[in-house]
2 protein chains.
Amino acid sequence: MYYGKKCIFVANNIIVVTLSEENYLKAIYLISKYGGESVSTNAIAERMDTKASSVTDMIKKLADKSFVNYKKYQGVRLTEKGRLAASNVVRKHRLWEVFLVDKLNFSWDEVHEVAEQLEHIKSEKLTNELDAFLEFPEEDPHGDPIPDKQGYIKNSQKVLLSQVSTGSVCICVGVKDSSVEFLQYLDKLSIGLGTVFTVASKEVFDESLTITLNESPLSVSKTVSNNLYVKIKN
Amino acid sequence: MYYGKKCIFVANNIIVVTLSEENYLKAIYLISKYGGESVSTNAIAERMDTKASSVTDMIKKLADKSFVNYKKYQGVRLTEKGRLAASNVVRKHRLWEVFLVDKLNFSWDEVHEVAEQLEHIKSEKLTNELDAFLEFPEEDPHGDPIPDKQGYIKNSQKVLLSQVSTGSVCICVGVKDSSVEFLQYLDKLSIGLGTVFTVASKEVFDESLTITLNESPLSVSKTVSNNLYVKIKN
DNA sequence: ATATATTTTTAGACTAGTCTAAATTTTATT
DNA sequence: AATAAAATTTAGACTAGTCTAAAAATATAT
Ligand SMILES: [Mn+2]
Ligand SMILES: [Mn+2]
Ligand SMILES: [Mn+2]
Ligand SMILES: [Mn+2]
């Protein structure tokens with residue numbers, strides 16, 4: 001009997017889920033907004049930087065294992081089992097990101113690549129002890145929510161900076177784009193999670209904003225305001 | 001061009017070493033006593049619980065990448081490059097074991113399985129920050145030495161309990177067999193790293209020892225004394 | 001020195017996961 | 001409704017890593 005042996009997690013001699021399957025589940029979970037919506041083959045392929053034909057192959061395997069419901073040409077939707085498996089991968093990813101930033105001096109633009117690896121480590125005890133060690137964080141270094149053991153996510157009232165009306169005092173609570181480039185640009189602007197500023201004015205021409213940060217005015221483009229989550233402070 | 005894409009570490013777009021290759025390198029490294037001796041195909045197969053034919057296949061790949069020197073039917077020996085790659089895997093394995101015990105409340109019999117996964121995470125920064133976070137430990141929870149960044153290992157004067165002469169005061173500094181079974185048995189005997197005891201007498205019949213631990217006599221079999229490393233205290 | 005046993009390698013097969021190119025189905029446009 | 005475009009699936013090929021069975025080389029025993 002051939003089981004691939006390496007790279008595959010085995011519990012009680014039953015194969016649970018491979019690294020590759022986990023990556024597909026995670027992609028479906030995130031594209032579908034945490035398991036809600038149905039997801040197209042192409043959307044998965046694009047997100048995972050792979051080919052649609054590969055996605056179709058994998059979707060069939062996931063359907064066989066009842067992680068997704070699948071009808072040809074109709075896209076997929078996570079089952080409850082799939083949603084839980086996927087949320088667990090995301091939980092691990094985000095917990096490890098917190099660990100790297102809080103304990104190992106990583107900056108928020110350095111953690112993602114390593115967390116992509118760490119999220120596949122299989123050990124319930126490890127995940128839960130890590131959670132406790134970090135004092136049960138609710139959000140990762142990019143402001144994204146960390147699902148709990150049961151896959152439950154606390155939803156917060158964050159809103160995109162671009163939606164905020166002039167005069168509001170805001171606190172930065174997350175990023176929509178968490179690319180290295182954007183994060184480093186925010187560093188340069190001295191904007192990070194917890195940064196407080198006021199929306200001074202909005203330019204009609206290009207929808208750029210002028211915000212007041214540390215008493216000084218700062219202009220931010222529409223691209224920035226469209227990718228920064230804030231909470232209104234008053 | 002096909003590169004397997006997943007599971008393979010890429011630095012500057014050059015494939016460095018796969019998870020499977022790392023496992024073989026580690027096995028050769030440990031069998032050869034940290035890269036010294038030449039190692040037979042069968043020895044690798046036995047240690048890795050795989051078939052000799054698979055080992056031969058992999059050996060050829062490792063030789064192509066100049067991690068080992070290989071002549072048909074003559075076994076393999078690690079090159080300097082191979083020794084360093086292997087020592088890095090062992091370094092990571094043992095650092096993670098320290099992390100799990102010191103920070104995440106794992107016991108010494110629970111860490112190995114998880115460390116087998118964690119040892120393959122590729123990030124120099126992670127390894128070095130973890131090392132610093134743990135305050136540069138020199139040994140893992142089983143008393144095994146942790147190679148430094150350059151692959152250097154501090155060698156210690158530890159000796160098997162079975163070699164110690166009667167009357168010696170010993171401090172337990174490591175185990176040769178680190179199976180769950182042996183480690184749990186030691187727990188039951190209240191023997192761990194740092195435990196101090198005196199060798200009271202040796203039984204000629206079965207070479208069992210009577211040791212004095214916390215004022216009380218305790219009998220340990222030859223199997224135990226052959227798998228426990230100690231340092232003489234005076 | 002020869003025969004036997006052991007070790008190692010080779011040959012051929014298999015799975016997981018990927019790809020390209022072609023076929024099929026669904027969706028959008030006239 | 002027919003056609004064109006886009007999305008999706010299928011067919012067939014490829015690699016890494018493994019296996020079994022057979023062949024070849026080396027080591028051991030008479
Ligand atoms: Mn991330
Ligand atoms: Mn994140
Ligand atoms: Mn170990
Ligand atoms: Mn160890």
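By convention in this document, chain letters (A, B, ...) are assigned in the order of the sequence lines, proteins followed by strands, and residues within each chain are numbered from 1.
- In terms of phosphate contacts, B:Ser40 brings no side-chain nitrogen or oxygen within less than 4.0 Å of OP1 or OP2 of C:dT7.
- Among the heavy atoms of the strands lying under 4.0 Å from B:Thr41 are primed sugar atoms or P, OP1, OP2 only; no base atom is included.
- One finds no side-chain N or O of B:Thr50 lying less than 4.0 angstrom from the OP1 or OP2 phosphate oxygen of D:dT18.
- OP1 or OP2 of D:dT18 has at least one side-chain nitrogen or oxygen of B:Ser20 nearer than 4.0 Å.
- Inspection of the B:Asp206 and B:Ser208 side chains reveals an N or O donor paired with an N or O acceptor under 3.5 Å.
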Using residues 172-187 of chain B as the side-chain source, report each donor-acceptor pair under 3.5 Å to any protein atom, sequence neighbours left out, with the distance given to one decimal.
from	atom 1	to	atom 2	distance (Å)
B:Asp177	OD1	B:Ser179	N	2.7
B:Asp177	OD1	B:Ser179	OG	3.0
B:Asp177	OD2	B:Ser179	OG	3.3
B:Ser179	OG	B:Phe182	N	3.2
B:Gln184	NE2	B:Asp109	OD2	2.8
B:Asp187	OD1	B:Trp108	NE1	3.1

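- Between A:Glu22 atom CD and C:dG17 atom P there is a gap of 11 Å when expressed in whole angstrom units.
- As a whole-Å value, the separation of A:Met48 CE from C:dT18 P is 7 Å.
- We find that CG of A:Asn42 is positioned 18 Å from P of D:dA5, with the value rounded to whole Å.
- Across the protein-nucleic acid pair, A:Leu62 atom CG and C:dA16 atom P stand 13 Å apart, rounded to whole Å.
- Contact annotation: side chain of B:Ser53 to base of D:dT20, donor-acceptor pair present below 3.5 Å.
- Contact annotation: B:Ser54 side-chain N/O to D:dC19 OP1/OP2 distance is under 4.0 Å.
- In this structure, A:Lys103 satisfies the cation-pi test against A:Phe133, with its NZ or CZ atom closer than 6.0 Å to the six-membered ring centre and inside 45 degrees of the ring normal.
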Could you list all N or O pairs between the protein and nucleotides 25-27 of chain C that sit under 3.5 Å apart?
from	atom 1	to	atom 2	distance (Å)
C:dT25	O4'	A:Tyr73	OH	3.3

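- When each of C:dT8, D:dG17, C:dC19 is scored by its nearest atom to the side-chain atoms of B:Thr56, the top-ranked nucleotide is C:dT8.
- A distance-only check finds a donor-acceptor pair linking the side chain of B:Gln117 to the backbone of A:Lys122 [under 3.5 Å].
- Minimum atom distance to the side chain of B:Lys61 is reached by D:dA16, of the listed D:dA16, C:dT10, C:dG17.
- Taking atom CG on A:Asp57 and atom P on D:dT8, their separation rounds to 15 Å, with Å as the unit.
- Within the nucleic acid shown, B:Lys71 has no heavy atom closer than 4.0 Å to any nucleic acid atom.
- In this structure, A:Lys51 atom NZ and D:dA13 atom P are separated by 20 Å, rounded to whole Å.
- A straight line from CD1 of A:Ile44 to P of C:dG17 spans 15 Å, rounded to a whole angstrom.
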